[in-house]
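Comments concern the structure below.
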Amino acid sequence: MDTVMSQLTGAGDGSRFKDAAEILENGGLVAFPTETVYGLGADATNEKAVRDIYRAKGRPSDNPLIVHIGTAGELERYAAEVPEAAWKCAEAFWPGPLTIIVRAKPGVFAPSVTAGLDTVGLRMPAHPAALGLLQASGLPVAAPSANTSGKPSPTRAEHVAADMGGKIPYILDGGPTGIGIESTVLDLTSVPPAILRPGAVTSDMLRPVIGEVNHSAEATDAGKATPRAPGMKYTHYSPDAPVWLIDPDREQILDAVRRIHGKGKRIALVAPEGFGETGADWYFPTGRQNDPASVSGQLYASLRACDGTDADIVLAATVNDEGIGGAVMNRLNKAAAGRLFRT
Ligand code: TXA
Ligand code: MG
């Protein structure tokens, strides 16, 4: 299959959204930018199209998809009942990087969207291209991140093309996404609501709007090993070489580089600007120290860039966990499977 990459320019985008909407209406897949990461979209009411998403990504079929909507009012159309907290979240954070889990209206979505659950994740994204596509089609659009399963989510159209080229007909290229890590997933079916996946909308932001919120660390049901967001049990966000976390401290990095080189291994360093000349074989400057939002915007591009090297090991600098930093550390810990390099 030929993949068309359509660059959004502002002028004339309406006809690009129409083309893309037509593909969705005909059961095809379209990748599109959101403010978090690129999504791989299909008509959420079309079972065959939704299955094609799983196939294109190589995604396990027990991991449900997020449904994207173009207006907050659609909550009523897709949720069995809309809890008060859902309206409050929509009012405060939509369009934006927050996915809310509610009971799904029975019989609306293709069964594969929810992977057999009676709940559905809904999100109204804050990106003109995503909204343009959603509003042009009027469809609920099931869209996981547009990466091959197990790879970092795509934050640029080139990442999508690298993973999905030849497998899908159409990519809307809106340039780099801003936030760079996936939306917060908030389960509103539990009491109190629980963050199943941390993101740019933090518990500190949610609490004033909906009251008590459980932290992501508590998002596994007590006594059970299975996380409530099925996707969180899979290794995610990993480059090919093993990742080790390290403090963003020049002395520690210099020491780590010496020791790893001593074992004849090559190193890719993912660290904030200003960590050049450490002797690492590759260095991908990733945001600014003490500015977690700048790191989140570039993290996945840097982890992907590591795959373009012959590094045997990736050293990735930690960030302080204020604001979106907590979500960045969640992704880094996953990429590193918790490994921390200490000297
Ligand atoms: O920022 C984002 O959320 C991006 C963009 C494209 O919107 N999408 C995204 O989708 O990251 P995906 O499929 O890669 O991640 C969805 C996460 C998974 O961890 C999944 O298990 C969880 O949300 N999830 C989806 N529906 C759920 C449900 N009904 N109950 C619990 N968890 C659910
Ligand atoms: Mg994903």
Side-chain angles (χ1 to χ4, degrees), residues 29-42 44 50 53-54 56-69 78-80 93-105 109 111-127 129-131 133-134 140-155 159-160 163-164 172 174 177-190 193-201 216 219-221 226-238 296 300 324 327 330-331 334:
L29 304 187
V30 172
F32 59 94
T34 78
E35 78 280 34
T36 58
V37 301
Y38 276 75
L40 178 59
V50 173
I53 292 181
Y54 285 90
K57 282 181 60 82
R59 180 176 176 115
S61 60
D62 65 347
N63 190 5
L65 309 180
I66 292 174
V67 175
H68 296 69
I69 56 180
Y78 302 128
F93 301 109
W94 280 1
L98 176 69
T99 297
I100 57 174
I101 308 287
V102 293
R103 303 245 168 259
K105 192 165 277 186
F109 295 116
S112 292
V113 169
T114 56
L117 302 175
D118 63 357
T119 55
V120 65
L122 297 172
R123 160 163 131 81
M124 179 182 176
H127 193 290
L131 291 173
L133 175 63
L134 289 164
V141 174
S145 48
N147 51 297
T148 301
S149 210
K151 286 276 158 204
S153 293
T155 54
H159 301 159
V160 180
D163 285 13
M164 295 297 151
L172 284 169
T177 62
I179 292 173
I181 61 174
E182 305 83 350
S183 63
T184 304
V185 176
L186 177 69
D187 185 357
L188 290 178
T189 69
S190 68
I195 292 177
L196 306 185
R197 179 176 73 184
V201 174
S216 55
T220 40
D221 286 323
T226 324
R228 290 216 305 260
M232 299 307 276
K233 73 174 180 252
Y234 298 105
T235 322
H236 260 131
Y237 324 116
S238 298
S296 103
Y300 288 162
I324 198 174
N330 168 271
R331 306 309 193 270
K334 278 173 179 294

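The analysis underlying the following values was restricted to heavy atoms, covering all of them including side chains, and did not include hydrogens, waters or symmetry mates. All of these numbers come straight from a predicted model, not from anything done at the bench. First listed ligand is number 1; within each ligand, the first listed atom is number 1.
- Counting only non-hydrogen atoms, the option in Gly41, Pro97, Pro144 that gets closest to atom 10 (O) of ligand 1 is Pro144.
- Under a 4.0 Å criterion applied to the non-hydrogen atoms of Asn63, ligand 1 contributes the atoms 18 (C), 20 (C), 21 (O).
- Between atom 1 (O) of ligand 1 and the options Thr36, Asn147, Asp187, the minimum heavy-atom separation is to Thr36.
- Counting heavy atoms under 4.0 Å from ligand 1, residue Thr119 touches it through both backbone and side chain.
- Minimum interatomic distance between Pro60 and Ser149 (heavy atoms only, all atoms of both residues): CD-OG, 3.8 Å.
- Residues Val120 and Val102 are in side-chain contact: their nearest non-hydrogen atoms beyond the backbone lie under 4.5 Å apart.
- Atom 14 (O) of ligand 1 has its nearest heavy-atom neighbour, among Ala143, Ser145, Ser183, in Ser145.
- Look at Glu35 and Arg123 and you find a salt bridge, because one of the NZ, NE, NH1 or NH2 atoms lies within 4.0 Å of a carboxylate O, short of that distance.
- With a 4.0 Å cut-off on non-hydrogen atoms, Arg59 touches ligand 1 through its side chain and not its backbone.
- By the 3.5 Å distance cut-off applied to N or O atoms, Tyr38 is not counted among the residues near ligand 1.
- Each of the atoms 23 (O) of ligand 1 lies under 4.0 Å from some heavy atom of Val185.
- Nearest heavy atoms, Ile69 versus Trp94: CD1-CZ3, 3.8 Å.
- Residue Ser149 does not count as close to the Mg ion (ligand 2), with no N, O or S atom under 2.8 Å.
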Stepwise, does the side chain to side chain contact (heavy atoms under 4.5 Å, CB included) test hold for Ile324 with Ile179? CA-CA 9 Å; Ile324 198 174; Ile179 292 173; 3.8 Å; yes

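- When side chains are defined from C-beta on, Tyr300 counts as touching Arg331, because their heavy atoms get closer than 4.5 Å.
- Counting heavy atoms from C-beta on, the side chains of Asp163 and Pro154 never come closer than 4.5 Å.
- Residue Ile66 approaches ligand 1 through these ligand atoms, each under 4.0 Å from one of its heavy atoms: 3 (O), 8 (N), 9 (C), 10 (O), 16 (C).
- You'll find the side chain of Phe93 stays beyond 4.5 Å of the side chain of Thr184, heavy atoms only.
- Near Leu117, the atoms of ligand 1 lying under 4.0 angstrom from a non-hydrogen atom of the residue are 28 (C), 29 (N), 30 (N).
- The shortest side-chain heavy-atom distance between Tyr78 and Lys105 does not fall under the 4.5 Å cut-off.
- Every atom of ligand 1 is numbered from 1 in the order shown, and the set under 4.0 Å from a heavy atom of His68 is 5 (C), 6 (C), 7 (O).
- Residue contacts with ligand 1: Glu182 is placed with no nitrogen or oxygen under 3.5 Å of a nitrogen or oxygen of the ligand (distance criterion only).
- Considering Ala146, Pro64, Gly39, Ala142 only, the shortest heavy-atom separation from atom 26 (N) of ligand 1 involves Pro64.
- The residue from Val201, Leu196, Ile195 that alone fulfils the side-chain contact (heavy atoms from CB on, under 4.5 Å) condition with Leu186 is Ile195.
- For Thr114, the closest heavy-atom approach to ligand 1 does not fall below 4.0 Å.
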